[in-house]
Amino acid sequence: MLTNMQDATDTTMETSATNSLRERYEKVKAKVAAAAERSGRSANSIMLVAVTKYASMDQVRELVKLGHADLAESQVQNLMQRAAQLDEFVQRHRELGQSGATTLPEQVRWHMIGHLQRNKVRKAIGVIRLVHSLDSLRLAEELQAIAGRIEGEDPVELLIQVNISGEKSKYGVAPAAARHLVEQIDTMLALRPRGLMCMAPLTEDPEEVRPVFSRCQELFDDIRRAGVGGEKFNILSMGMTNDYEVAIECGANLVRVGSAIFKEDGETYGPQNSKS
Ligand SMILES: *Cc1c(COP(=O)(O)O)cnc(C)c1O
């Protein structure tokens, strides 16, 4: 498994001029695997979510054809539109039995990673597999009120977004309020708290974000140790293009990566890897 990924990385270096989506994707997967290994875990214990907000629809289709299932958008409108387009594409592909149909994932799963406005909750609820950005009791109550009325549906799974660094520009609850919010959500029958999400401050140096991720991981562990949310409270979503390796080293088991997969010849994910 790892040897294969290593090969993929080597290929990427040899043909770095091409730098195709497939190569970038393989490279990210290899780095995820290496970071997982460094933290004593297996590669498949980390979920890679591809953030499509800057990607073209063609790129999104290409990635799904490679077998990738987990995608994320930060705006409900875009998420809904892309989910519909992709459904159509997958269906057509299957019907025609086109090449590549075999690698198509069983099901595409959409993650909502941006701030969720309460007035947009209603139409998105059935499409979103995991909400990463639950950041208030009011929003939880709104979700419960809507989802609670839909008979036979599975609970809406969500992560509580925590503003670890306390920056004013960031959404999320204060660390000290997180546990209580998880407890409250746990009592809502149509919702299921699955874990925490955080974003690190924007910085050039990925090492600067380590304390932020570590703090979120400690908070996550505290809540789990207290038994709040039960067994299913087991997702720690942190890490983006600039810092996903550090995030994994700090305990993340879900990373949200956009640019490193979709952006062509991004400076941050080529040259620094070659030894020349
Ligand atoms: C845009 C975004 C990402 C992905 O960012 P990249 O730096 O392109 O990997 C991850 N998480 C959230 C919440 C985002 O808004």
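As the structure is a prediction and not an experimental result, all values here were calculated from the model. One-based numbering, in listed order, for ligands and for the atoms of each.
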Quick check: are there more than 12 heavy atoms from other residues, nucleotides or ligands sitting under 6.0 Å from CZ of R109? yes
the protein heavy atom lying closest to atom 5 (O) of ligand 1 turns out to be M240 CE, 3.5 Å
Of all protein heavy atoms, the one nearest atom 9 (O) of ligand 1 is T241 OG1, 2.5 Å
**Asked** Does a side chain donor of either S56 or D58 reach within less than 3.5 Å of an acceptor in the other side chain?
**Response** no
Counting heavy atoms under 4.0 Å, the part of M199 that contacts ligand 1 is side chain
Quiz item: Taking N or O atoms only and a 3.5 Å limit, does V51 qualify as a polar contact for ligand 1?
Solution: no
Rounding to 0.5 Å, atoms CD (E218) and CD1 (I164) come to a distance of 9.5 Å
Ranked by distance from atom 1 (C) of ligand 1, the top protein heavy atom is K53 NZ, 1.5 Å
Discussion item. Ring-plane angle category for H68 and Y25, please: parallel below 30°, perpendicular beyond 60°, tilted otherwise.
Written reply: perpendicular
Can a donor-acceptor pair be found between the side chains of S39 and R41 at a distance below 3.5 Å? yes
Numbered in order shown, the ligand 1 atoms found under 4.0 Å of a heavy atom of V257 are 9 (O)
Atom 12 (C) of ligand 1 sits nearest the protein heavy atom I113 CD1, 3.4 Å
Contact between ligand 1 and N242 is defined here as a heavy atom of the residue under 4.0 Å from a ligand atom; is it met?
no
Polar contacts were defined as any N/O atom of the residue lying under 3.5 Å from an N/O atom of the ligand; does this apply to R256 and ligand 1?
yes
Counting from 1 in the order shown, the ligand 1 atoms closer than 4.0 Å to a non-hydrogen atom of S259 are 6 (P), 7 (O), 8 (O), 9 (O)
When rounded to the nearest 0.5 Å, the distance separating CG of L158 from CG of L130 is 7.5 Å
If the threshold is 4.0 Å, N to carboxylate O, is there a salt bridge linking R179 and E183? yes
